[in-house]
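No hydrogens, no waters, no symmetry mates; every other heavy atom, side chains included, goes into these values. As the structure is a computational prediction, the values presented were derived from the model and not from experiment.
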Amino acid sequence: MDSRKLALLWPQLADNKKAEDIVILDVRSVLGDGLFRHCCGTSEPHLRAIVDEITDKLRDEHHLRPKSVDGTLRNRVDRPDYLT
């Protein structure tokens, strides 16, 4: 899946679980690769549901797995990194 398709799909998946403040930033001109994806949740269970929705759907329907995951839900950051 190319980065444009992923950029269009990721917010839909996050929105399936009512994520808030969904943002996609094109950082290729600064970092040379990819897109920065961000969204917020209202609680740890809400954040876990958002992350699970995104990772499960991308894995099951598009055969994509994150290359790495930064942070933890305790500090309200959990960023699966899908390099495209």
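The shortest non-hydrogen separation linking Gly41 to Ile50 is CA-CD1, 4.1 Å. Of all the heavy atoms in Leu47 and Cys40, the pair that sits closest is CD2-C, 4.2 Å.
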Take Leu9 and Leu58 through the test side chain to side chain contact (heavy atoms under 4.5 Å, CB included) and record every step on the way to the result. CA-CA 9 Å; Leu9 179 60; Leu58 289 177; 3.6 Å; yes
Could you please spell out the steps behind the side chain to side chain contact (heavy atoms under 4.5 Å, CB included) verdict for Arg37 and Leu6? CA-CA 10 Å; Arg37 301 159 192 93; Leu6 184 58; 3.2 Å; yes
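Applying the side chain to side chain donor-acceptor pair (under 3.5 Å) test to His62 and every residue at least two apart in sequence or in another chain returns nothing. Checked against salt bridge (Lys or Arg N to Asp or Glu O under 4.0 Å), Asp15 has no partners two or more places apart in sequence or in another chain. When the side chain to side chain donor-acceptor pair (under 3.5 Å) test is applied to Asp26, the partners found at least two apart in sequence or on another chain are Arg28.
Distance check, rounded to the nearest 0.5 Å: CG of Leu13 to CD of Glu53 gives 6.0 Å. To the nearest 0.5 Å, atoms CD1 (Ile54) and CH2 (Trp10) are separated by 4.5 Å. Note that CD1 of Ile22 is 10.0 Å distant from NE2 of His38, once rounded to the nearest 0.5 Å.
Under the 4.5 Å side-chain heavy-atom criterion for grouping Ile, Leu, Val, Met, Phe, Trp and Tyr, Val27 is connected to Val23 within one hydrophobic cluster.
Residues Glu20 and Thr42 form a side-chain contact, since some pair of their non-hydrogen atoms from C-beta on lies under 4.5 Å apart.
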